Amino acid sequence: MASSSISHEGVNDPTMATWRQMSINDIDGLLRVADKVHPDLPESDYVFTERVKLFPEGCMVLVESGDVCGYAISHPIRHHRPPALDSLLGHIALDADQYYIHDVAVLPSFRGRSFARECVDKLLTVAKRFPTTCLVSVYGTAPFWARFGFMPVLIDGVLEEKLRGYGEDAVYLERNNGP
């Protein structure tokens, strides 16, 4: 994993990109990244704001020199019940029994430097308290997610219908978090 955020002297270097917990103040920067990475899958600022408020430990930003250059949104859900694209949750269900990675997005100029891998590793640490983690893979990214143990699983008609909102190539993936 990257120790790229540490200079040779061992002092944090603000010019190097690093992941940190997201705050409400990061939403504008997140939207700029989302507009570039997901132009065909737009979501409103209120969706991201709600996620940060409901489950801050599952929301991260990749920041370099004060600019957001990547983000991650994740939170607990009920098994096989991810939210529809661009929809509010209202609350995290008390009986949530699965972890959901809603999005990991990194600007193209920051790809190939293990930032996404570093972020997913952090999210999977949070996810350990749930038996499984799921996500909706878009843009043909299933091979990337397979590196973390995510595989397609059988889904019901309700979830199949919800996936249509994520585009024709959307695939529901899941992984076991336990031993």
Side-chain angles (χ1 to χ4, degrees), residues 19-63 68 70-106 116 119-139 141-142 144-145 148-178:
W19 288 102
R20 67 164 168 76
Q21 189 168 332
M22 186 184 299
S23 77
I24 299 300
N25 296 331
D26 296 315
I27 300 299
D28 286 341
L30 176 156
L31 290 170
R32 283 190 291 276
V33 172
D35 287 346
K36 290 178 183 172
V37 175
H38 299 305
D40 297 327
L41 300 172
E43 291 193 275
S44 304
D45 60 344
Y46 60 83
V47 170
F48 297 115
T49 300
E50 182 199 50
R51 300 303 195 276
V52 173
K53 288 179 180 178
L54 290 176
F55 200 75
E57 68 186 293
C59 301
M60 301 172 59
V61 287
L62 179 65
V63 179
V68 175
Y71 68 90
I73 303 289
S74 63
H75 52 82
I77 62 169
R78 289 187 182 105
H79 192 253
H80 283 204
R81 295 294 176 248
L85 192 65
D86 199 33
S87 66
L88 294 175
L89 299 175
H91 66 282
I92 300 293
L94 294 176
D95 62 346
D97 57 355
Q98 187 171 48
Y99 200 69
Y100 176 61
I101 298 176
H102 178 81
D103 199 0
V104 175
V106 176
C119 178
V120 173
D121 286 341
K122 291 174 185 285
L123 296 178
L124 292 177
T125 298
V126 176
K128 284 182 181 178
R129 63 185 104 152
F130 298 91
T132 59
T133 300
C134 66
L135 57 90
V136 177
S137 171
V138 296
Y139 308 133
T141 57
F144 168 80
W145 293 108
F148 299 94
F150 286 93
M151 302 300 292
V153 295
L154 291 175
I155 59 173
D156 63 19
V158 172
L159 183 49
E160 190 174 316
E161 180 65 30
K162 198 175 284 185
L163 285 181
R164 289 191 184 115
Y166 286 83
E168 289 183 25
D169 69 340
V171 180
Y172 181 83
L173 304 175
E174 190 173 287
R175 67 165 258 153
N176 289 323
N177 292 331

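Treat the numbers as computed from the prediction; the structure is a model and nothing was measured. Values reported hereafter were calculated over all heavy atoms of this structure, with side chains retained and with hydrogens, waters and symmetry mates removed.
- Every pair tested for salt bridge (Lys or Arg N to Asp or Glu O under 4.0 Å) that includes a residue from residues 166-176 fails, sequence neighbours excluded, so the list is empty.
- Each salt bridge (Lys or Arg N to Asp or Glu O under 4.0 Å) pair with one or both residues in residues 35-56, not counting sequence neighbours, would appear here, but there are none.
- Summarising the geometry, atom OG1 belonging to Thr49 is positioned 9.0 Å from atom CG belonging to Leu30; distances are rounded to the nearest 0.5 Å.
- Judged as a side chain to side chain donor-acceptor pair (under 3.5 Å), the pairs with a partner in residues 125-135 (not counting sequence neighbours) are, in order, Glu57-Arg129, Gln98-Thr132, Thr133-Asn177.
- Residues Val37 and Ala105 come closest through the heavy atom pair CG1-CB, 3.9 Å.
- For the pair Val68 and Met22, the minimum side-chain heavy-atom distance is 4.5 Å or more.
- Residue Leu31 holds its CG atom at 6.0 Å from CZ of Phe48, rounded to the nearest 0.5 Å.
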Expected list for residues 82-90: side-chain donor-acceptor pairs under 3.5 angstrom, two or more places apart:
unit_1: Asp86; atom_1: OD1; unit_2: Ser44; atom_2: N; d: 2.7
unit_1: Asp86; atom_1: OD1; unit_2: Ser44; atom_2: OG; d: 3.2
unit_1: Ser87; atom_1: OG; unit_2: Ala84; atom_2: N; d: 3.4
unit_1: Ser87; atom_1: OG; unit_2: Ala84; atom_2: O; d: 2.6

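- For Asp26, the salt bridge (Lys or Arg N to Asp or Glu O under 4.0 Å) partners two or more places apart in sequence, or in a different chain, are Arg20.
- Shortest non-hydrogen contact noted between Ala34 and Tyr71 is CB-OH, 3.5 Å.
- Nearest heavy-atom pair, Ile92 versus Ala96, reported as atom, atom and distance to 0.1 Å: CG2-CB, 4.5 Å.
- Annotation: side chain to side chain contact (heavy atoms under 4.5 Å, CB included) contacts of Pro152 (sequence neighbours excluded): Val171, Leu173.
- Residues passing the side chain to side chain contact (heavy atoms under 4.5 Å, CB included) test with Asp95 are Arg78, Ala93, sequence neighbours excluded.
- Nearest heavy atoms, Ala72 versus Cys119: CB-SG, 3.3 Å.
- Listed by chain and residue number, nothing satisfies the ring pair (Phe, Tyr, Trp, His ring centres under 6.0 Å) test with Tyr166 (two or more places apart in sequence, or in another chain).
- Contact annotation: the side chain of Phe55 approaches that of Tyr99 to within less than 4.5 Å [non-hydrogen atoms, C-beta and beyond].
- Every residue two or more places apart in sequence or in another chain that forms a ring pair (Phe, Tyr, Trp, His ring centres under 6.0 Å) with Trp145 is listed here: Phe150.
- Atom-to-atom distance recorded for Leu135:CG and Thr141:OG1 is 7.5 Å, nearest 0.5 angstrom.
- For the pair Asp97 (side chain) and His79 (backbone), a donor-acceptor distance under 3.5 Å is present.
- Here Asp156 pairs with Arg81 under the side-chain hydrogen bond (donor to acceptor under 3.5 Å, both in side chains) rule; sequence neighbours left out.
- When all heavy atoms are compared, the tightest approach of Val138 to Ala170 is CG1-CB, 4.3 Å.
- The line from CD1 of Ile77 to SG of Cys134 is 3.5 Å long, rounded to the nearest 0.5 Å.
- Looking only at side-chain heavy atoms (C-beta outward), His75 and Leu54 stay at 4.5 Å or farther from each other.
- Taking Glu160 as the reference, Ile155, Arg164 meet the side chain to side chain contact (heavy atoms under 4.5 Å, CB included) condition, with sequence neighbours excluded.
- Shown here are the ring pair (Phe, Tyr, Trp, His ring centres under 6.0 Å) partners of Phe148, two or more places apart in sequence or in another chain: Phe144.
- One distance of note links CD1 of Ile73 with OH of Tyr100; it measures 11.0 Å at 0.5 Å rounding.
- Within the 4.5 Å cutoff, the side chain of Val153 has heavy atoms near those of the His80 side chain.
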